[in-house]
Amino acid sequence: MKVIVMDNALEISKAASDIIIKQVNNKHGSVLGFATGASPVETYKRIIEAYERNEVSLKYITTFNLDEYVGLDRENVNSYFYFMKDNLFGKTDVDFSRVNFLSGTAENMEAECERYSQKIKESGGIDIQLLGIGTNGHIGFNEPGDKFADGPFAVKLTQSTIDSNKKYFEAVGDTMPEYALTMGIGDIMRSKKIILIATGESKAKAVKELVEGEVSPACPATILKLHADVTVFLDKESAALLSKDR
Ligand code: PGA
């Protein structure tokens with residue numbers, strides 16, 4: 001796991017977007033795994049800027065997103081589909097017929113997870129998976145627990161995740177769903193390359209566990225130590241608790 005501490009979120013977004021843009025330009029039909037939340041937003045902005053300068057086209061990429069809230073349809077402003085449309089897809093030439101999402105409104109969750117798992121396989125696998133990290137060490141919505149999940153599954157969100165994300169729902173007078181569908185740890189680990197972004201003091205404990213802790217489902221992100229190609233981008237605040245002699 002390569003751990004890179006940068007001055008701020010802007011520097012991180014430049015470095016992370018460079019890797020993604022290079023991937024897209026080097027391989028026609030690249031398969032990208034995207035994340036939602038605050039962490040990747042600046043990186044998406046840099047990709048949009050590169051698209052506007054004609055330095056990259058997203059027309060032929062296939063995309064998979066990590067997760068989606070149960071009960072929210074694509075038009076809901078708090079759905080992750082809406083987030084991606086608003087923060088990246090709708091501002092570039094992404095072809096929506098190659099955008100893949102777990103459906104939060106599927107009648108049969110199990111069948112929906114199986115469908116998504118098949119889609120990832122049929123795509124040939126994810127070339128780069130972008131990740132944030134929860135304050136509790138989750139990746140996607142793989143919450144702390146006693147085992148790692150392989151494929152996509154329905155998850156009950158922990159109080160820590162609800163506390164971190166409920167502000168987005170409260171802002172529009174809604175209550176946050178308690179369940180979500182998420183890619184499993186196996187899906188994430190089968191990605192060829194992984195980029196994790198963590199910024200801010202609130203992530204410092206989870207980052208310390210990720211970098212210095214043992215691999216354990218109690219901090220799901222720690223599994224990334226077993227992957228051959230992971231780059232972790234940190235700002236000074238999220239890296240603040242790391243040992244100096246690392
Ligand atoms: P954030 O969420 O980017 O909004 O901090 C990250 C996560 O929960 O994985």
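Computed from a predicted structure; not experimentally measured. Every number for a ligand or one of its atoms is a count from 1 in the order of the listing.
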Contact (N/O only, under 3.5 Å) between Gly37 and ligand 1: no
Ser39, any N or O under 3.5 Å of ligand 1 N or O: yes
Met189 vs Leu224, side-chain contact (heavy atoms from CB on, under 4.5 Å): CA-CA, chis, key distance, verdict: CA-CA 7 Å; Met189 291 294 279; Leu224 298 175; 4.1 Å; yes
Member of Lys193, Arg190, Met183, His227 meeting the side chain to side chain contact (heavy atoms under 4.5 Å, CB included) criterion with Gln129: Met183
Donor-acceptor pair, side chain of Ser238 and main chain of Glu201, under 3.5 angstrom: no
Centroid-centroid under 6.0 Å between Phe89 and Tyr82 rings: no
Atoms of ligand 1, numbered as shown, that sit under 4.0 Å from any heavy atom of Ala38: 1 (P), 3 (O), 4 (O)
Atom indices of ligand 1, in the order listed, that fall short of 4.0 Å to a heavy atom of Gly132: 9 (O)
Proximity of Leu131 to ligand 1 by residue part, where a heavy atom lies under 4.0 Å: neither
Looking only at protein heavy atoms, which one is nearest to [atom], and how far off is it?
atom: atom 8 (O) of ligand 1; result: His138 NE2, 2.6 Å
atom: atom 6 (C) of ligand 1; result: Ile133 O, 3.5 Å
atom: atom 5 (O) of ligand 1; result: Lys203 NZ, 2.5 Å

Spatial distance of atom OG1 (Thr199) from atom CG (Leu10) [nearest 0.5 Å]: 12.0 Å
Mutual orientation of the aromatic rings belonging to Phe64 and Tyr116 [parallel < 30°, tilted 30-60°, perpendicular > 60°]: perpendicular
